[in-house]
Amino acid sequence: MTDSWVNSGEGIGADLLLELSGPGGRRAALTRALREAVRSGRLAPGARLPPYRSLAADLGVARNTVADAYAELVAEGWLTARQGSGTRVAERAEPLRHAVRTPVQAPGRTGGPRHDLRQGTPDASAFPRTAWAASYRRAVQAAPSEAFGPGDPAGRRELRETLTEYLARARGVRTEPDRIVICSGFAHALRLLFGRGTREGPAAGGVLRGPLGVEAYGLGFHRELLAAAGVRTVPLPLDEHGARVDALGRERAVLLTPAHQFPTGGPLHPERRAAVIDWARVQGAVVLEDDYDGEFRYDRRPVGALQGLDPERVIYLGSVSKSLSPALRLGWMVLPERYVEPVLAVKGEREGWASVLDQLALADFVACGSYDRHVRRMRQRYRRRRDRLVAALAARAPHVGVTGIAAGLHAVLRLPPGTEASTVKAAAWQGIALDGLAAFRHPHGPTDGGDGLVVGYAAPAEHAYGAALEALCGVLPPE
């Protein structure tokens, strides 16, 4: 027997791989597979399993086979069965027997977290496998023979043409295919622009120079990448209207997240959007626009890309790492005309390419409407998750404020002064992966941002989200 995917849409509510193999027939194989799913944490305590008929239909086995497997696991203590409640994974601290104990991960120990509430990670179980596989098959079948040989460093024409139409329609980006360069994500784009991380980059010295204005809160990884390229970053203060672009001086470029400031939340105010364009024109500088989660908004109207105000002064950077999966390693740069050839020279003839087949598949995925449908579906799912987080906090920790929730995949929980470090430590001891707000502060930025947690609500599988919220509320400081 082979691996089987459960997609019943009932009970567990997400794809689950059950490895039906080994001796003893189908019932024994199913019993082992379910036991291992519980033991490994893929089925969390309290998760409801599909009814007999649904799981039997998914696996192509008899109902009695599923019923017997459930009954055996109930007898062992792995599952519980109650009238009107269905069959669920047992609520217990440790398995009763036949199990390998998985301890809570404390700081410094190896192993994955029990509850993943890190920002920026989408729900991996929601990846549209069927639609993506269909696009991949169509793309490979339709691809010309030359697509399987040396290609264009700018990326496949099919994808660049599709992105030109999509970005204009969905994000208000004004461009053409020859101004788009495909890369393998935002970090790769920074390496190409600032001349490190490729074979030819350091020798060429990079396309852009510092000093670079950055928001006072942002990803430390990006600051480290820029520092490794010899780029000095200058932090810009933040307030309720976004980055204080009036603090810009003689920097040669500025990196912003205007659709939804990362991580504090909120769009860049319209007056500041206009002001930063004016600054770039006067200074002969360029604005780098990180549109990292522009598709996911919930309580406000869409905010178009800053690039649309002046395509010759803005480099627009995007990827599918949040909307689809970081595993695809696909991103793009929409460049002013004067930067296209320098970026391609840094990229080189054969270095730093994204998979051509993945590019062709993404072009089909967007063109046939599957990307739009997936984004709409995930926007609804993530909004429900955000609402559950807000409701749980209102019930269990009403003294903890929640901000930055009109868009994106995370929320900022505002904590009482002096409690951030201890709360992050308590979460780690309970196996909860999340970040403190201070982890995103620029080392030379203002220190008055307050205490807080940056909590992602996208990563946990649907069946595990309730347990993750319960664990989170359990480590929050009292009023």
Side-chain angles (χ1 to χ4, degrees), residues 117-123 126 167 169-173 215-219 236-245 255-274 276 289-309 316-319 321-323 372 374-395 397-415 434-435 437 440 449-460 465 468-469 472:
L117 294 176
R118 289 171 289 194
Q119 57 76 33
T121 304
D123 182 354
L167 293 174
R169 169 173 56 84
R171 303 296 302 130
V173 170
E215 294 161 335
Y217 283 81
L219 275 179
L236 302 176
L238 297 170
D239 60 22
E240 66 273 16
H241 298 307
R244 290 280 307 277
V245 297
L255 172 60
L256 300 173
T257 52
H260 186 234
Q261 200 288 319
F262 178 85
T264 61
L268 188 64
H269 192 277
E271 291 184 1
R272 295 185 183 181
R273 291 163 67 92
V276 76
E289 179 176 13
D290 179 4
D291 198 29
Y292 77 102
D293 65 358
E295 297 94 343
F296 296 118
R297 71 258 176 199
Y298 313 117
D299 301 324
R300 59 170 170 79
R301 293 181 178 179
V303 178
L306 182 67
Q307 190 267 1
L309 296 180
Y316 178 89
L317 306 171
S319 78
S321 64
K322 309 295 186 299
S323 57
D372 283 325
H374 176 72
V375 168
R376 286 195 299 270
R377 183 169 62 252
M378 298 312 298
R379 189 182 296 142
Q380 294 171 357
R381 176 179 293 195
Y382 293 148
R383 179 172 185 163
R384 289 194 298 268
R385 291 195 181 186
R386 181 209 63 174
D387 291 347
R388 289 178 65 185
L389 170 63
V390 173
L393 292 170
H399 60 287
V400 173
V402 188
T403 62
I405 58 174
L409 303 182
H410 71 270
V412 176
L413 276 55
R414 299 293 179 173
L415 301 178
L434 49 72
D435 297 294
L437 184 59
F440 300 93
D451 284 33
L453 300 177
V454 179
V455 175
Y457 45 78
Y465 187 54
L469 290 183
L472 171 65

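Residue numbers start at 1 and run along the sequence shown.
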### Query
Do Arg379 and Arg376 touch side chain to side chain, with heavy atoms closer than 4.5 Å?
yes

### Message
Rounded to the nearest 0.5 Å, what separates atom CG in Leu268 from atom CG in Leu256?
### Response
6.5 Å

### Task
Would you sort out whether Ile405 and Tyr298 count as a side-chain contact (heavy atoms from CB on, under 4.5 Å), showing the intermediate values?
CA-CA 8 Å; Ile405 58 174; Tyr298 313 117; over 6 Å; no

### Query
Going through the distances and angles, do Asp123 and Arg381 end up as a salt bridge (Lys or Arg N to Asp or Glu O under 4.0 Å)?
CA-CA 10 Å; Asp123 182 354; Arg381 176 179 293 195; 3.0 Å; yes

### Task
Measure the spacing between CG of Leu434 and CD of Gln119 and express it to the nearest 0.5 Å.
11.0 Å

### Message
Hydrogens and angles aside, do His269 and Arg272 bring a side-chain donor and acceptor to less than 3.5 Å of each other?
### Response
no

### Message
Can you tell me how the ring of Phe262 sits relative to the ring of Phe440, calling it parallel under 30°, perpendicular over 60° and tilted otherwise?
### Response
perpendicular

### Query
Does Thr257 offer a backbone N or O that forms a donor-acceptor pair with the side chain of Glu289 under 3.5 Å?
no

### Task
Quick one: closest heavy-atom pair of Val375 and Ser323, and the distance?
CG2-CB, 4.5 Å

### Task
Quick one: list whatever passes side-chain hydrogen bond (donor to acceptor under 3.5 Å, both in side chains) with Asp372, sequence neighbours left out.
Arg169

### Check: Ala407 main-chain N/O paired with His260 side-chain donor or acceptor under 3.5 Å
yes

### Query
Does any N or O in the side chain of Gln261 come within less than 3.5 Å of the main-chain N or O of Gly266, such that one atom is a donor and the other an acceptor?
no

### Task
Enter the distance from His374:NE2 to Met378:CE here, rounded to the nearest 0.5 Å.
5.0 Å

### Message
Please report the interatomic distance CZ(Arg388) to CG(Leu469), rounded to the nearest 0.5 Å.
### Response
6.0 Å

### Over-ring placement of Arg385 relative to Tyr465, 6.0 Å and 45° cut-offs
yes

### Message
Rounded at 0.5 Å granularity, tell me how far CG in Leu306 sits from CG in Asp290.
### Response
12.0 Å

### Heavy-atom pair of closest approach, residues Glu215 and Ala243
CG-CB, 3.9 Å

With a 3.5 Å cut-off and sequence neighbours excluded, list the donor-acceptor pairs that the side chains of residues 449-458 form with protein atoms.
residue	atom	partner	partner atom	Å
Asp451	OD2	Gly418	N	2.9
Asp451	OD2	Thr419	N	3.0
Asp451	OD2	Glu420	N	3.0
Tyr457	OH	Gly408	O	3.1

### Query
If every non-hydrogen atom of Pro263 is compared with every non-hydrogen atom of Val412, which pair is closest and at what distance?
O-CG2, 3.2 Å

### Summary
When every non-hydrogen atom of Ala216 is compared with those of Pro237, the smallest separation belongs to CB-CA, 4.4 Å

### Query
To the nearest 0.5 Å, what is the distance between CG (Leu393) and NE2 (His399)?
9.5 Å

### Query
Excluding sequence neighbours, so at least two apart, what forms side-chain hydrogen bond (donor to acceptor under 3.5 Å, both in side chains) with Tyr217?
none

### Query
Any Lys/Arg nitrogen of Asp291 or Arg171 sitting under 4.0 Å from an Asp/Glu carboxylate oxygen of the other?
yes

### Query
So do Leu117 and His410 actually touch side chain to side chain, heavy atoms under 4.5 Å?
no

